[in-house]
Number of protein chains: 2
Amino acid sequence: MPKKNQQHQQKKPPVTPSPERREELLRIAADVFAEQGYNATTVRKIADAAGMLAGSLYYHFDSKESMLEEILRTFLTELWDGYDGVLSAPLGPRETLEALVTESFREIDRHRSAVAIYQKESKHLVTQTRFEYLVESQQRFEKAWLTTLERGVTEGVFRADLDIRLAYRFVRDTVWVAASWYRPGGGHSPEEIARQYLSMVLDGIAVRTT
Amino acid sequence: MPKKNQQHQQKKPPVTPSPERREELLRIAADVFAEQGYNATTVRKIADAAGMLAGSLYYHFDSKESMLEEILRTFLTELWDGYDGVLSAPLGPRETLEALVTESFREIDRHRSAVAIYQKESKHLVTQTRFEYLVESQQRFEKAWLTTLERGVTEGVFRADLDIRLAYRFVRDTVWVAASWYRPGGGHSPEEIARQYLSMVLDGIAVRTT
DNA sequence: GCTCTTCCCTAACAAGTGTTTGGTAGATTA
DNA sequence: TAATCTACCAAACACTTGTTAGGGAAGAGC
């Protein structure tokens, strides 16, 4: 990474690029990031995919890292829009879990690339102050899931003999890794996949009704 | 990547580095690869972690990519040693699945870094002819799991109403993503984690005995 | 006509990349 | 003691990286 810029500089364009073009370029960049990995993706590859030259990207964005941040931030914002709707609804623990999983698969359907990037890169990114919001989101995420699971246990709809934190990671991972193989328009709708996943997960987590 | 070497050149050292030192350096490299990602890891970082200079690595290995290949190949070789033992044993489908999962968690315990690298990088690597063995391994892997699942369905121990391929990805992913958070010596033994995971997975896959 | 704005190109930069070449301190062998 | 071998260092190499500076074509508004 050349050019050691001073870190306290985040404004850049004195010009005004159109938001539509930005979004289009971000979609392209997200696809390349997801497929090749962030570090392996050069700005020249992104520019190629967009049909322009590397330097031209800097008319719209002030750095490669800014593109990554905007991609992830947009995704997380929309994700929490959906989650907050579910969490504020008066649902039982089982219904909450079902709704969260279904919502997650819908987000995977909509932001497949962003989800893939998030999974691959978030672990390194959280150390940078610029990506602190990832940690914050992660903590809210964990809290929402753990609370739902614990509520289910005390209400007797989830098995009490399970390690809650292990179950959390189990549910979390099974849902999100789907982004690595899911292809939109591939026979299964997000809702259908959610139904199947829930069928597998719940009949292991829900209390046996004999 | 500087130096466009001719591609048909794989022998290099006219000297004889000790295998013990190689193994030690590979363990170090694997840890750095796993933590930072392959592309984000420079040979200078590996050398730093090993307490030497970048160029010195080339006394033991002929390229950074060779290190990666040797790490993954060693892991897969040991993995299939364990798997083949399980698959050749006269076990029922349920016992086979249990043994495969348990064996997988043992491998995660032993080769945590290699597993993490495999998960992050294998998707891009499979396109290179040098890493064709990854594809081959992946196919054997899929076949072993699918066969076990199908056998379980026909023998009536696994639910017949599930999409087999979805169930395969479900089981596969739930097992291997554990490498992203598992820390050896952290309270849970591999066998204990396997037991808990199997409890969650099986009671969703196994036929209800009412 | 002229001026602004939008969007991209050309051409370069400084830092970082994997890798090579030649040398050398220290142990091992003759 | 001399020769050899092991394992590393020092210094460079050719190339790639993200990024910048200046310019220009096409259109809109006056």
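No hydrogens, no waters, no symmetry mates; every other heavy atom, side chains included, goes into these values. Chain letters run A, B, ... following the sequence lines, proteins first, then strands; residues in each count from 1.
For the pair B/Arg94 (side chain) and B/Gly152 (backbone), a donor-acceptor distance under 3.5 Å is absent. Put simply, the side chain of A/Lys64 gets close to the backbone of A/Tyr38: a donor and an acceptor are under 3.5 Å apart.
Counting non-hydrogen atoms under 4.0 angstrom, B/Ser66 reaches nothing in the nucleic acid. Within 4.0 Å (heavy atoms only), B/Ser56 reaches at least one base atom of the nucleic acid.
Remark: B/Ser18 is in phosphate contact with D/dA7, judged by side-chain N or O atoms under 4.0 Å from OP1 or OP2. At least one side-chain nitrogen or oxygen of A/Tyr59 sits closer than 4.0 Å to the OP1 or OP2 atom of C/dC7. Taking only side-chain nitrogens and oxygens, B/Tyr58 never comes nearer than 4.0 Å to OP1 or OP2 of C/dT20. B/His60 has no side-chain polar atom (N or O) that falls below the 4.0 Å cut-off from OP1 or OP2 of D/dT6.
Between A/Ala179 and A/Val115, the closest heavy-atom pair is CB-CG1, 3.4 Å.
Distance check, rounded to the nearest 0.5 Å: CG of A/Leu87 to CZ of A/Arg140 gives 8.5 Å.
Taking the six-membered ring where tryptophan is involved, the planes of A/Phe141 and A/Trp176 are tilted, since the angle between them lies from 30° to 60°.
In this structure, B/Lys45 places its NZ atom 14 Å from C1' of C/dG18, rounding to the nearest Å. In this structure, A/Leu25 places its CG atom 11 Å from C1' of C/dC7, rounding to the nearest Å. Atom-to-atom, CG of A/Leu57 to C1' of C/dT10 comes out at 15 Å; the value is rounded to the nearest Å. Here C/dC8 presents its P atom at 14 Å from CG of A/Asp48, a figure rounded to the nearest Å. With rounding to whole Å, B/Lys64 atom NZ is found 12 Å from C/dT19 atom C1'. The distance from atom CE of B/Met52 to atom P of C/dT19 is 14 Å, rounded to the nearest whole Å. Rounding to whole angstrom units, CD of residue B/Gln36 and P of C/dT17 are separated by 11 Å. Per the geometry, CD belonging to A/Glu20 stands 12 Å off P belonging to C/dT6, to the nearest Å.
Each of B/Tyr38 and A/Arg21 was assigned the nucleotide of DNA chain C with the nearest heavy atom; the assignment lying further toward the 5' end belongs to A/Arg21.
The side chain of B/Leu53 approaches D/dA10 more closely than any other nucleotide in the set D/dA10, D/dG18, C/dT10. Distances from the side chain of B/Ala54 to the nucleotides D/dT19, D/dC9, C/dT19 place C/dT19 closest.
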Does A/Ile193 form a side chain to side chain contact (heavy atoms under 4.5 Å, CB included) with A/Tyr197? I'd like the steps, not just the answer.
CA-CA 6 Å; A/Ile193 296 185; A/Tyr197 261 66; 3.8 Å; yes

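Within 3.5 Å, a donor on the side chain of B/Arg44 pairs with an acceptor on the base of C/dG18, or the reverse.
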Strictly under 4.0 angstrom, non-hydrogen atoms only: write out the protein contact profile of nucleotides 25-30 of chain C, one letter per nucleotide from the 5' end, B, S or -.
------

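Among B/Thr102, B/Val101, B/Leu100, the one residue that satisfies the side-chain contact (heavy atoms from CB on, under 4.5 Å) test with B/Val86 is B/Leu100.
Between A/Glu24 and A/Arg21 there is a salt bridge, since a side-chain N of the basic residue sits under 4.0 Å from a carboxylate O of the acidic one.
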